[in-house]
Amino acid sequence: MSTTITISDTIAHHLNRLPGNGSTLEVKLSALIEGEYHRRLARYRLTDANLTRKYGMSFDEFEEQRVTEREGFSWEVEQDAIAWDTATDGIATMERQLRALESA
């Protein structure tokens with residue numbers, strides 16, 4: 001399946017200037033998307049690692065031990081729980097998106 005998209009001449013110019021030695025615009029766009037997925041994955045993994053270190057446990061353990069409740073639903077712990085949940089979901093999503101992109 002293919003889809004036609006329209007981009008401005010300015011964007012096309014910048015895409016054409018990207019390295020790729022004769023690569024098509026599709027290949028260049030795919031590389032940009034892959035790079036963005038990897039950037040997001042790295043950010044999510046960093047958040048996960050930082051919170052794992054801070055609490056000395058995995059996110060699953062954090063939830064199982066009901067740390068948020070145990071800590072009286074403090075603002076800091078609530079914010080960490082939200083960020084950690086977002087990061088763990090983001091890791092799974094980005095890994096799935098990368099696999100899909102690679103198989104396309």
More than 12 heavy atoms of other groups within 6.0 Å of R70 CZ
yes
Measuring only between side-chain heavy atoms, which start at C-beta, is Y44 closer than 4.5 Å to T93? no
Are side-chain heavy atoms of M57 and V67 found at a separation under 4.5 Å?
yes
| L98 and I91: same hydrophobic cluster, using ILVMFWY side-chain contacts below 4.5 Å? | yes
| message | Let me check something: do I7 and L29 share a hydrophobic cluster, defined by ILVMFWY side-chain heavy atoms less than 4.5 Å apart, either directly or through other members? | response | yes
Side chain to side chain contact (heavy atoms under 4.5 Å, CB included) filter on A83, not counting sequence neighbours, yields T47, L51
Between the CG atom in L15 and the OG1 atom in T10, the distance rounded to the nearest 0.5 Å is 11.0 Å
**Study point:** E76 and K54: CA distance, side-chain angles, deciding distance, salt bridge (charged side-chain N to carboxylate O under 4.0 Å, His left out) verdict
**Key:** CA-CA 12 Å; E76 179 182 1; K54 179 176 180 176; 2.5 Å; yes
Rounded to the nearest 0.5 angstrom, the CZ-CE distance for R43 and M94 is 9.0 Å
task: Determine, step by step, whether R39 and E36 satisfy the salt bridge (charged side-chain N to carboxylate O under 4.0 Å, His left out) criterion, reporting the C-alpha distance in whole Å, the side-chain angles of both residues, the deciding distance to 0.1 Å, and the verdict.
output: CA-CA 5 Å; R39 185 192 67 77; E36 177 61 17; 2.6 Å; yes
Taken to the nearest 0.5 Å, the spacing of E63 CD from S58 OG works out to 9.0 Å
Interatomic distance, CG@D48 vs CZ@R53, rounded to 0.5 Å, equals 10.0 Å
Answer whether the closest heavy-atom distance between the side chains of S74 and V77 falls below 4.5 Å. yes
Applying side chain to side chain donor-acceptor pair (under 3.5 Å) to Y55 and not counting sequence neighbours gives D80
Rounded to the nearest 0.5 angstrom, the CG-CH2 distance for D89 and W84 is 15.0 Å
Checklist entry - Would you say the side-chain atoms of S30 pair up with the backbone N or O of E26, donor to acceptor, closer than 3.5 Å? => result no
Q) Are L101 and I5 connected in a single hydrophobic cluster, I mean Ile/Leu/Val/Met/Phe/Trp/Tyr linked by side-chain heavy atoms less than 4.5 Å apart? A) no
Could you walk me through whether F62 and T68 pass side chain to side chain contact (heavy atoms under 4.5 Å, CB included), step by step? CA-CA 8 Å; F62 178 88; T68 306; 3.6 Å; yes
Residues at least two apart in sequence or cross-chain that pass salt bridge (Lys or Arg N to Asp or Glu O under 4.0 Å) with R45, listed by chain then number, are E95
Can L25 be reached from L18 by stepping across I, L, V, M, F, W or Y side chains whose heavy atoms are under 4.5 Å apart?
yes
Under 4.5 Å between side-chain heavy atoms, hopping through other hydrophobics if needed: is there a path connecting Y37 to L32? no
Between the CZ atom in R66 and the CZ atom in F73, the distance rounded to the nearest 0.5 Å is 7.5 Å
On a heavy-atom basis, the closest approach of N16 and K28 is O-NZ, 3.1 Å
